[in-house]
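When a ligand or atom number is given, it counts from 1 through the structure's own listing order. The shown structure was predicted, so the numbers you read here are calculated from the model rather than taken from an experiment.
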Amino acid sequence: MKNKNFETQAIKTQIQRSQFLEHSSPLYLSSSFVFEDAEDMRASFADEKERNIYSRFSNPNTSEFVEKICQMEGAEQGCAFASGMAAIYSTLSALLNSGDHIVSARSVFGSTHTLFTKYFPKWDITTSYFGVTEVDKIESLITPSTKVLFAESPTNPAVDVLDLELLGQIAKKHNLLLIIDNCFATPYLQNPIKFGADLVIHSATKLMDGQGRVLGGVTVGTAELIQEIYLFSRNTGPSLSAFNAWVLSKSLETLAVRLDRHCENALKVAEFLEEHEKVNWVRYPFLKSHPQYEIAKRQMKAGGNIVAFEIKGGIEKGRQFIDAIKMCSLSANLGDTRTIVTHPASTTHSKLSETDRLNVSITDGLVRVSVGLEHVNDVIDDLNQALN
Ligand SMILES: *Cc1c(COP(=O)(O)O)cnc(C)c1O
């Protein structure tokens, strides 16, 4: 029986109990599993039965984690990976051939961009990009070799929102695979499959773990596509470890309540920043001033935990602001219980030219805040004293 509601799915989706009748799923640290006899062994390798053979292929803990995400995203099947990047790399490598072409949003995660520009061209897989405000240009980028339409929404770090329904329509019309990196929204806030996505990818490292402990990734979608991706993973080895899967599956039990508070805090932080005299503008999907507010309202349950804003005074003021932060963390992660503040122009995106930065909405004074679960007044006080 499938559990109907998100919170129940997150808690009650559980692998079969062992002889000890444990309440909470145990950790299965075992690299391999035993066979009853020669016939069991033959049938297992012939894929005539579903069972665990070797933890590079599958493991009870990874199965539980994947089943939860499938239920949450409304997907048929899924495959877990050691990190979000392992998920993105393996998914595309499994499905694309030499000569294929990708049409991608320009604002994608940094390593995804590197994969598309530095590594895939080695195998003659090329990519064309569209900006957030250029969705009307997507169709002109499609060629007979185009196989995949790839995007994230909301985007990192500028928190732009892309119209998933529109992307779904374009993909369907041109017979492309629509692949959405749903990391910033999580399955609690947004389900891209509803809008026509064939595959949804997550970095589980961020809000899914939510406590800054482990790395993980997952791809979910149709059984047919996932089978290809699973075989690639099973043979190349970027599998999620049992320990990380166990941690992540536990984390999912509290995803809904954590996200409710993350979003409530982030909206308050965004509203505070919008009123501040040292701030030029604020980007948060559920602020009325967000350019894609209507789209965000249509496709997301709440605005997420990432707030971007532009501090007056450019790079220099951005750096001074970061130096004045006292309580919040300066870190490369996001989606943690701890609030994290970053200044992309002087750090993660400092190697890009100013034009390239502006192409992905990163102005010199842009600051990204991953709002955590501390008391929101303490977060606001810290941002306020640093701004002043
Ligand atoms: C962090 C992140 C990734 C990569 O995930 P890792 O688990 O760090 O490999 C991919 N996409 C987005 C949007 C991310 O924020």
Checklist entry - Quick one: do Arg283 and Glu310 make a salt bridge, cutoff under 4.0 Å? => result no
Checklist entry - Any idea which residues sit under 4.0 Å from ligand 1, heavy-atom distances? => result Ser83, Gly84, Met85, Ile88, Phe109, Glu152, Asp181, Cys183, Phe184, Ser203, Thr205, Lys206, Gly216
Checklist entry - Among the clusters formed by ILVMFWY side chains lying less than 4.5 Å apart, do Leu162 and Tyr129 turn up in the same one? => result no
Item to check | N-O pairing of Lys317 and Asp364 below 4.0 Å | outcome: no
Item to check | Face-on cation placement of Arg234 at Phe57 ring, 6.0 Å and 45° thresholds | outcome: yes
Item to check | Test item: Leu199 and Leu95 side chains (from C-beta on) under 4.5 Å apart, heavy atoms | outcome: yes
Checklist entry - Are Glu271 and Lys268 ion-paired here, with the side-chain N under 4.0 Å from a carboxylate O? => result no
